[in-house]
Amino acid sequence: MTIAIESRLAELGITLPDAPTPAANYVPYLVIGDMVHISGQISMADGALIKGRLGDDLDVAAGANAARACALNLLAQLKSACGGDLGRLVRVVKLGGFVNSTPNFTDQPEVVNGASNLMVEVFGDAGRHARSAVGVAALPRGVAVEIEGLFQIN
């Protein structure tokens with residue numbers, strides 16, 4: 001299955017970034033049994049933070065792109081947790097999305113779809129998952145989105 005996942009990523013034109021290192025006193029992931037718990041990944045692409053606030057200086061499309069960037073970082077962490085073999089994925093279990101948004105902004109689900117859609121694009125039915133999409137007043141470093149994930153592996 002590793003070749004199939006790598007082929008699917010290439011077909012989608014996706015190159016995974018290097019797994020980001022933690023910015024504080026925590027680990028990027030924990031493997032407990034057949035579950036991988038991945039710490040929240042902030043919106044970052046090409047080494048630059050994707051900052052902003054939904055409902056203020058970012059629209060839903062920009063937020064969804066930020067969420068997609070978080071998902072790419074989640075996949076990079078997952079690949080690291082699996083010793084480089086994404087073929088070990090059984091399923092994406094849950095994503096928890098946090099959206100930096102104004103009090104009147106209510107489209108957090110559409111923003112977090114940027115991450116959810118990527119999981120399904122890459123893994124098909126195994127990418128379908130439970131999810132939370134929550135609006136918050138602020139996120140670390142002023143980023144637009146942060147997403148954590150729970151994955152089942154073999």
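Hydrogens, waters and symmetry mates play no part in the numbers below; they use all other heavy atoms, side chains included.
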task = Decide yes or no on side chain to side chain contact (heavy atoms under 4.5 Å, CB included) for Phe151 and Ile38, but give the supporting numbers first.
result = CA-CA 8 Å; Phe151 301 82; Ile38 300 179; 3.5 Å; yes

To the nearest 0.5 Å, tell me how far [X] [atom1] sits from [Y] [atom2].
X	Y	atom1	atom2	value
Thr15	Leu72	OG1	CG	9.5 Å
Ile147	Cys70	CD1	SG	4.5 Å
Leu54	Phe105	CG	CZ	4.0 Å
Leu74	Gln77	CG	CD	8.0 Å
Leu95	Gln41	CG	CD	11.5 Å
Asn73	Ser39	CG	OG	12.5 Å

Are [X] and [Y] grouped together when hydrophobic residues (ILVMFWY) are joined by side-chain heavy atoms under 4.5 angstrom apart?
X	Y	result
Val136	Ile50	no
Val143	Leu75	no
Ile14	Leu89	yes
Val145	Phe98	no
Leu78	Val31	yes

task = Could you check Val99 against Asp107 for side chain to side chain contact (heavy atoms under 4.5 Å, CB included), going step by step and ending with a plain yes or no?
result = CA-CA 9 Å; Val99 180; Asp107 291 331; over 6 Å; no

Minimum heavy-atom separation for [X] and [Y], please, with both atom names.
X	Y	answer
Asn100	Gly142	ND2-O, 3.9 Å
Gly83	Arg88	N-NH1, 4.5 Å
Cys82	Ile153	SG-CG2, 3.6 Å
Arg53	Ser101	NH2-O, 3.3 Å
Pro20	Pro28	O-CB, 4.5 Å
Leu139	Ala144	CD1-O, 3.6 Å

Are the side chains of [X] and [Y] in touch, meaning some heavy atoms are under 4.5 Å apart?
X	Y	result
Lys94	Ser132	yes
Lys79	Leu16	yes
Leu9	Leu86	yes
Arg128	Val92	no

request  = For Asp46 and Ala48, indicate whether the former's side chain and the latter's backbone hold a donor-acceptor pair under 3.5 Å.
outcome  = no

request  = Just grab all the salt bridge (Lys or Arg N to Asp or Glu O under 4.0 Å) pairs involving residues 141-154, residues at least two apart or on different chains.
outcome  = none

Atom pairs and distances, side-chain donor-acceptor, residues 113-124, under 3.5 Å, sequence neighbours left out:
{"residue": "Asn113", "atom": "OD1", "partner": "Arg131", "partner atom": "NH1", "Å": "2.8"}
{"residue": "Ser116", "atom": "OG", "partner": "His129", "partner atom": "NE2", "Å": "2.8"}
{"residue": "Ser116", "atom": "OG", "partner": "Arg131", "partner atom": "NH1", "Å": "2.9"}
{"residue": "Asn117", "atom": "ND2", "partner": "Asn113", "partner atom": "O", "Å": "3.2"}
{"residue": "Glu121", "atom": "OE1", "partner": "Arg68", "partner atom": "NH1", "Å": "3.4"}

inquiry  = For Asn154, I'd like to know if atom CG has over 12 heavy atoms of other residues, nucleotides or ligands within 6.0 Å.
reply    = yes

